[in-house]
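Notes follow once the structure below has been shown.
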Amino acid sequence: MGQLVMVHVAPTAVEGHLLRARLEEEDIPAFTKGEGDGPYRMGPLYLWVDEAHEVQARLIIAEVESGSMALTEDPPDD
């Protein structure tokens with residue numbers, strides 16, 4: 001494994017964990033740090049990936065944030 005790079009700061013733990021799961025769906029191991037201590041997980045969550053996956057991870061995060069990966073109820077046109 002190479003050096004870890006921070007690719008995103010999610011404002012909430014929920015958003016951070018969802019992005020982490022999306023990256024892992026694409027076979028990109030992701031690591032998180034943050035979200036505060038105690039029973040109420042608040043605060044930002046930092047996402048880190050191996051430098052070899054940095055570009056791909058940033059592209060996926062950008063797609064998720066743009067809404068282009070959103071699920072719709074309408075079937076795709078063939």
Side-chain angles (χ1 to χ4, degrees):
M1 179 184 283
Q3 188 169 353
L4 293 176
V5 256
M6 185 175 57
V7 292
H8 187 72
V9 179
T12 66
V14 171
E15 181 182 328
H17 287 296
L18 288 172
L19 282 172
R20 177 183 178 178
R22 183 65 186 101
L23 292 174
E24 290 176 345
E25 276 289 312
E26 297 293 329
D27 295 322
I28 300 174
F31 306 92
T32 56
K33 181 152 176 75
E35 72 181 299
D37 295 327
Y40 304 106
R41 305 227 170 195
M42 300 173 67
L45 192 73
Y46 303 88
L47 281 121
W48 300 77
V49 299
D50 186 273
E51 63 187 347
H53 298 290
E54 179 182 7
V55 173
Q56 185 182 7
R58 289 184 187 277
L59 288 172
I60 291 168
I61 291 168
E63 287 180 13
V64 169
E65 289 186 328
S66 74
S68 65
M69 297 184 104
L71 297 175
T72 62
E73 293 184 22
D74 298 329
D77 294 332
D78 289 334

Grouping I, L, V, M, F, W and Y whenever their side-chain heavy atoms are under 4.5 Å apart, do L59 and I61 come out in a common cluster? no
Roughly how far, to the nearest 0.5 Å, is CD1 of I28 from CD1 of I60? 4.0 Å
Do W48 and V9 sit in one hydrophobic cluster, given that two such residues count as connected whenever their side-chain heavy atoms are within less than 4.5 Å of each other, even indirectly? yes
Side chain to side chain contact (heavy atoms under 4.5 Å, CB included) with H8: of R20, R58, E65, only one passes, and it is E65
Mind checking whether V7 and E54 have side chains closer than 4.5 Å, heavy atoms only? yes
Is there a path from M6 to L4 through hydrophobic residues (I, L, V, M, F, W, Y) whose side chains come within less than 4.5 Å of each other? yes
Gap between atom NZ of K33 and atom CG of L47 - 0.5 Å precision: 13.0 Å
Point-to-point distance, once rounded to the nearest 0.5 Å, from CG of L45 to CG of L18: 10.5 Å
Residues E51 and G2: closest non-hydrogen pair is OE2-CA, 4.0 Å
To the nearest 0.5 Å, how far apart are CZ in R22 and CD in E63? 8.0 Å
